[in-house]
Amino acid sequence: MKRKYILFFIFCWASFLLSAQTLEQARAMFTKGQYAEAKPVFERYVKSQPSNANYNYWYGVCCLKTGDAANAVKPLELAVKRKIQHAPLYLGEAYNEVYRFEEAIGSLEDYIEAQKKRRQSSGEAETLLKKATFNLRLLKGVEQVTVIDSFVVDKANFLTAYKISEESGKLFTYNDYFQSEDIQEGTVYQTELANKIYYSVKSEEGVQQIRTQNKLLEDWSQPMPLPETINNGSNVNYPFVLTDGITIYFASDGEGSMGGYDIFVTRFNSHTDNYLTPENVGMPFNSPYNDYMFVMDEFNNLGWFASDRYQPEDKVCIYVFIPNSHKKTYNYENMEEEELQRIARLVSIEDTWDDEEEVEEAKERLAEALNMQPKEQKVYDFTFIINDEKTYHSWNDFTSQEALKRFRTYQLLEKDLWEQKNKLQQQREQYTHANKQQQLQLSGAILDLEKRVRQMTEQLRAQAMEVRNLEIKNIK
């Protein structure tokens with residue numbers, strides 16, 4: 001009998017040691033940021049002792065950091081009630097990710113106040129508070145857009161899921177387009193006429209930047225980075241340009257992002273020769289996760305974008321929607337908060353369906369697009385607009401030999417202008433990173449080159465007008 005008690009005692013003690021060791025290992029993993037490995041252990045402990053504040057705190061943080069914010073809320077709420085110091089910080093983050101932005105703001109404000117009383121840092125919470133406040137403003141302006149379909153694909157080759165019309169241009173990965181073996185996450189957008197590309201590539205500073213190139217005669221111009229209104233020091237990627245040639249959509253993870261990549265839009269202002277300040281396109285397109293590769297297929301009247309919200313690490317969801325001719329938003333004041341949150345999060349795309357007939361028509365267009373056979377790429381020598389009815393793509397299109405002669409001069413001027421613009425851009429970049437003495441040396445050359453570019457631009461416009469007048473005169 002005594003032997004049985006001894007064996008029972010040994011068994012219980014061994015079980016205790018094993019449990020204690022498992023918890024200790026989980027805490028060590030937690031400290032190292034190995035949340036996925038630690039999560040199952042803390043989950044078991046929460047189930048066995050559901051009122052234990054520390055177990056709930058550790059489990060809640062693990063849920064949050066492994067993309068399960070919804071299940072992080074309840075245990076973190078308990079941890080906050082039991083006065084676990086950093087619980088309000090993580091609860092605020094979890095609230096933010098499930099679109100409970102007002103509660104996120106309250107939790108983060110409480111944490112910041114408590115940290116100040118302790119005379120401890122609250123920088124991370126202040127950053128999250130700013131983001132939650134911004135996200136609440138976006139929630140009050142959710143666009144009323146109809147999302148007709150969504151499908152999950154491999155993130156590595158997600159571009160193959162985009163079936164857009166040839167009139168909208170083409171999309172490539174950087175490596176496919178440039179036949180590069182370097183690891184580049186950038187994408188390339190090529191216009192319908194294949195005479196201009198926009199693409200993202202990693203800069204010397206280690207962030208993605210968008211550049212553009214034009215085809216001039218048989219050659220391509222030097223890469224030109226888009227201005228700092230777009231390339232603002234954060235990662236900027238996934239460009240797409242509307243057929244108007246002046247509206248560009250892109251993704252950025254910098255200032256004004258809900259979290260990760262957000263989709264932005266801007267337009268070129270010909271009066272200032274620059275792009276307008278980019279605007280966040282808002283919800284439901286953007287989320288606290290990565291949202292990118294926004295495409296508007298005007299020919300098929302379909303829009304596309306990608307998001308990794310609620311997806312495994314190697315997957316991404318492609319959403320297809322009906323573009324609005326003008327932005328319409330839901331009435332924040334007259335809607336139930338949970339209903340608006342569901343729509344903003346795209347929990348179910350059917351929540352966005354108001355007109356069944358419109359949805360069915362759009363689904364038919366999508367089916368046609370998905371079954372569309374790729375057409376042979378048109379290759380043009382150039383694109384030159386004569387008037388509203390005629391656009392020339394070949395020297396053989398000209399009926400006036402004099403106009404053709406002047407046009408060849410126009411092409412040479414155009415190539416020279418792009419080279420000078422590229423040189424000017426390089427000098428401006430040098431100026432930005434130069435010291436005061438170097439800036440003084442560069443400023444005179446930049447001013448001279450700016451004057452030269454303006455003169456060449458006017459000269460090119462005059463030459464184009466002369467070509468058009470000669471050709472139109474000969475046609476008549």
Side-chain heavy-atom pair Ser234, Val207 within 4.5 angstrom cut-off
no
The ring-ring contact (aromatic ring centres under 6.0 Å, His included) partner of Tyr199 among Phe250, Phe178, Trp220 is Phe178
Pairs in or reaching into residues 450-464: which pass salt bridge (Lys or Arg N to Asp or Glu O under 4.0 Å), with residues at least two apart or in two chains?
Arg428-Glu450, Glu458-Arg461
Check against side chain to side chain contact (heavy atoms under 4.5 Å, CB included), Ile105 and Leu129
CA-CA 6 Å; Ile105 292 168; Leu129 176 60; 3.7 Å; yes
Aromatic ring centroids of Tyr249 and Phe285 under 6.0 Å?
no
So which pairs with a foot in residues 140-151 pass side chain to side chain donor-acceptor pair (under 3.5 Å), sequence neighbours left out?
Glu143-Asn324, Gln144-Asp354
Phe407 and Phe398 aromatic ring geometry - parallel, tilted or perpendicular at 30°/60° bounds
tilted
Shortest non-hydrogen contact from Asn280 toward Ser257
ND2-CA, 4.3 Å
So that I know where these two stand, are Tyr319 and Phe305 an aromatic pair - ring centroids less than 6.0 Å apart?
yes
What do the steps show when you test Thr229 against Thr266 for side chain to side chain contact (heavy atoms under 4.5 Å, CB included), and what is the final call?
CA-CA 9 Å; Thr229 50; Thr266 183; 5.9 Å; no
Begin from the C-alpha positions of Glu126 and Ile112 and carry the test side chain to side chain contact (heavy atoms under 4.5 Å, CB included) through to its verdict.
CA-CA 7 Å; Glu126 289 173 7; Ile112 292 168; 3.6 Å; yes
The residue among Tyr189, Tyr198, Phe264 that forms ring-ring contact (aromatic ring centres under 6.0 Å, His included) with Phe240 is Tyr189
Can you confirm whether Lys390 is buried at NZ, in the sense that more than 12 heavy atoms of other residues, nucleotides or ligands lie under 6.0 Å from that atom?
no
In this structure, are over 12 heavy atoms from other groups packed under 6.0 Å from Lys423 atom NZ?
no
Between Ser203 and Glu205, is a side-chain hydrogen bond (donor to acceptor under 3.5 Å, both in side chains) present by the stated rule, with each step listed?
CA-CA 5 Å; Ser203 67; Glu205 291 76 20; 3.2 Å; yes
All pairs passing salt bridge (Lys or Arg N to Asp or Glu O under 4.0 Å) where residues 279-291 contributes a residue, at least two apart
Asp291-Arg309
Verify whether one side chain among Tyr289 and Gln311 offers a donor that lies under 3.5 Å from an acceptor in the other.
no
Answer yes or no: does atom NZ of Lys405 have more than 12 heavy-atom neighbours from other residues, nucleotides or ligands under 6.0 Å?
no
I'd like to know whether CD of Gln437 has more than 12 heavy-atom contacts from other residues, nucleotides or ligands below 6.0 angstrom.
no
Can you see whether Gln208 engages Tyr238 through a side-chain donor-acceptor pair at a distance of less than 3.5 angstrom?
no
Ring-ring centroid check Phe268 Tyr275, cutoff 6.0 Å:
yes
With rounding to the nearest 0.5 Å, note down the distance linking CG in Leu417 to NZ in Lys415.
13.0 Å
Assess whether a salt bridge exists between Lys315 and Asp154, defined as any Lys/Arg side-chain N lying under 4.0 Å from an Asp/Glu carboxylate O.
yes
Can you spot which of Glu109, Glu124, Glu255 makes a salt bridge (Lys or Arg N to Asp or Glu O under 4.0 Å) with Lys130?
Glu255
Classify the side-chain pair Thr247/Asp244 by whether it contains a donor and acceptor separated by less than 3.5 Å.
yes
Quick one: does Ile322's side chain get under 4.5 Å of Val145's, heavy atoms only?
no
Within 6.0 angstrom of Phe299 CZ, more than 12 heavy atoms from elsewhere:
no
Counting only heavy atoms not in Gln455, do more than 12 sit closer than 6.0 Å to its CD atom?
yes
Is Val236 close to Ser200 at the side-chain level, that is, under 4.5 Å between some pair of heavy atoms?
no
Crowding at CG, Leu276 (>12 non-hydrogen neighbours, <6.0 Å):
yes
Assess the side chains of Glu298 and Thr243: does a donor N or O sit below 3.5 Å from an acceptor N or O?
yes
Partners meeting salt bridge (Lys or Arg N to Asp or Glu O under 4.0 Å) with Glu402 (sequence neighbours left out):
Arg406
Does any non-hydrogen side-chain atom of Gln115 lie less than 4.5 Å from one of His86?
yes
Only one of Trp304, Phe321, Tyr162 forms a ring-ring contact (aromatic ring centres under 6.0 Å, His included) with Phe294, so which one is it?
Phe321
Can you pull out every salt bridge (Lys or Arg N to Asp or Glu O under 4.0 Å) where at least one residue sits in residues 90-101? Sequence neighbours excluded, please.
Lys65-Glu93, Glu77-Arg100, Arg100-Glu103
Reported OG-to-CG distance for the pair Ser287 and Asp262, which is rounded to 0.5 angstrom
7.0 Å
Once you round to the nearest 0.5 Å, how far does CG of Asn135 lie from CG of Leu139?
9.0 Å
Rounded to the nearest 0.5 Å, how far does CD1 of Ile385 lie from CZ of Arg468?
7.0 Å
Mind checking whether Val316 and Val153 have side chains closer than 4.5 Å, heavy atoms only?
yes
Between the CZ atom in Arg365 and the OG atom in Ser165, the distance rounded to the nearest 0.5 Å is 12.0 Å
Is there a donor in the side chain of Thr399 and an acceptor in the side chain of Glu471, or the other way round, less than 3.5 Å apart?
yes
Which atom of Ala161 lies closest to which atom of Ile318, heavy atoms considered
CB-CG1, 4.0 Å
What are the two closest heavy atoms between Ala344 and Met283, and how far apart are they?
CB-SD, 3.7 Å
Aromatic contact between Tyr99 and Phe101, with the criterion being ring centroids under 6.0 Å apart: yes or no?
yes
Please enumerate all residues that pass salt bridge (Lys or Arg N to Asp or Glu O under 4.0 Å) together with Asp68, with sequence neighbours excluded.
Lys39
For Ile197 and Phe172, run side chain to side chain contact (heavy atoms under 4.5 Å, CB included): C-alpha distance rounded to whole Å, both residues' side-chain angles, the deciding distance at 0.1 Å, then the answer.
CA-CA 10 Å; Ile197 56 173; Phe172 305 86; over 6 Å; no
Considering the options Asn286, Asp308, Asn290, which one meets the side chain to side chain contact (heavy atoms under 4.5 Å, CB included) requirement together with Tyr261?
Asn290
What closest approach, in Å, do Met456 and Gln420 show between heavy atoms, and which atom pair accounts for it?
SD-CG, 3.7 Å
Specify the closest pair of heavy atoms between Asn96 and Ala132, including all atoms of both residues, with the distance to one decimal.
OD1-CA, 3.6 Å
Can you tell me how far apart OH (Tyr90) and CG (Leu108) are? Round to the nearest 0.5 Å.
12.0 Å
Looking only at non-hydrogen atoms, find the nearest pair between Met293 and Leu171 and report the distance.
CE-CD2, 3.8 Å
